[in-house]
Amino acid sequence: QAKSADFFDTETFATARFDATIQPEGQGYVATGTLDLHGASVAVTLPLDLQITGDTATLSAETTLDRRDFGIGRTYSDETTVGFGVTVKVALTATRR
């Protein structure tokens with residue numbers, strides 16, 4: 001159902017893209033940029049936790065987006081059936097070769 005025209009409409013919007021600049025902030029990093037999703041471009045700030053041990057880097061991040069900012073689930077105008085906030089989690093491990 002999430003792929004349907006009511007929500008992500010993956011037939012029309014097959015990809016999402018996050019273009020950001022990563023900068024140090026406090027004890028970690030922050031990615032500030034634009035998320036292009038479902039035909040909308042929305043400014044997003046994504047706090048990053050980056051750990052580097054030897055040749056391995058591990059990145060994790062979490063933020064909450066409002067689905068209405070992207071026009072997702074327009075027919076669900078209140079939170080009784082589908083919430084407005086959507087938690088997005090990112091996990092990445094990279095190894096230097």
Side-chain angles (χ1 to χ4, degrees):
Q1 185 179 6
K3 292 181 178 183
S4 74
D6 280 341
F7 293 100
F8 286 104
D9 192 4
T10 57
E11 199 167 300
T12 304
F13 306 104
T15 60
R17 183 179 176 117
F18 181 51
D19 287 311
T21 301
I22 299 173
Q23 297 181 333
E25 182 176 279
Q27 298 297 315
Y29 295 87
V30 65
T32 304
T34 303
L35 175 59
D36 296 318
L37 174 68
H38 199 258
S41 295
V42 175
V44 172
T45 299
L46 183 62
L48 306 174
D49 179 34
L50 176 63
Q51 305 294 322
I52 300 174
T53 305
D55 289 339
T56 302
T58 304
L59 178 133
S60 61
E62 183 175 320
T63 194
T64 301
L65 303 175
D66 188 325
R67 66 174 172 81
R68 298 171 297 173
D69 292 341
F70 300 92
I72 294 173
R74 286 188 179 118
T75 60
Y76 297 86
S77 59
D78 63 59
E79 290 191 284
T80 58
T81 54
V82 179
F84 297 147
V86 178
T87 302
V88 177
K89 295 181 181 182
V90 178
L92 173 71
T93 301
T95 304
R96 185 181 311 187
R97 291 185 182 197

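Residue numbers run from 1 in the order of the sequence given.
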- prompt: At what distance, to the nearest 0.5 angstrom, does CG of L48 lie from CG of L92?
  reply: 10.5 Å
Check: F84 main-chain N/O paired with E79 side-chain donor or acceptor under 3.5 Å: yes
- prompt: Minimum heavy-atom separation for R67 to G83, with atom names?
  reply: NE-O, 2.8 Å
message: Under 3.5 Å, is there a donor on one side chain and an acceptor on the other for D78 and T80?
response: yes
statement: Minimal heavy-atom distance between P47 and A61, with the atoms involved, is O-CB, 3.3 Å
query: Between T64 and G85, which heavy-atom pair has the shortest distance, and what is it?
result: CG2-CA, 3.9 Å
field: Same apolar cluster: F13 and V88, side chain cutoff 4.5 Å
entry: no
- prompt: Counting only heavy atoms not in F8, do more than 12 sit closer than 6.0 Å to its CZ atom?
  reply: no
- prompt: In terms of side-chain heavy atoms, does D55 have a donor or acceptor partner in T95 at a distance below 3.5 Å?
  reply: no
query: At what distance, to the nearest 0.5 angstrom, does CD of Q27 lie from CG of D49?
result: 11.0 Å
query: Is a side-chain N or O of H38 found less than 3.5 angstrom from the main chain of F7, in a donor-acceptor match?
result: yes
message: Do L35 and L65 have side chains that approach each other closer than 4.5 Å (heavy atoms only, starting at C-beta)?
response: yes
Atom pair CG/NZ of D9 and K3 - distance to nearest 0.5 Å: 12.5 Å
- request: Only counting residues at least two apart or in another chain, list the ones meeting salt bridge (Lys or Arg N to Asp or Glu O under 4.0 Å) with R17.
  value: D19
task: Kindly compute the distance separating OG (S77) from CZ (R68), expressed to the nearest 0.5 Å.
output: 10.0 Å
- prompt: Can you get from L37 to V44 by hopping between Ile, Leu, Val, Met, Phe, Trp and Tyr side chains that sit under 4.5 Å apart?
  reply: yes
- prompt: Should F70 and Y76 be regarded as members of a common hydrophobic cluster, given that ILVMFWY residues are connected when their side-chain heavy atoms come within less than 4.5 Å of each other, either directly or indirectly?
  reply: yes
field: Spatial distance of atom OG1 (T63) from atom NZ (K89) [nearest 0.5 Å]
entry: 12.5 Å
- prompt: Do the side chains of L59 and Y29 join up, straight or via other hydrophobic residues, at under 4.5 Å, putting them in one cluster?
  reply: yes
task: Side-chain contact test, heavy atoms from C-beta onward, threshold under 4.5 Å: evaluate it for V30 versus T45 and give yes or no.
output: yes
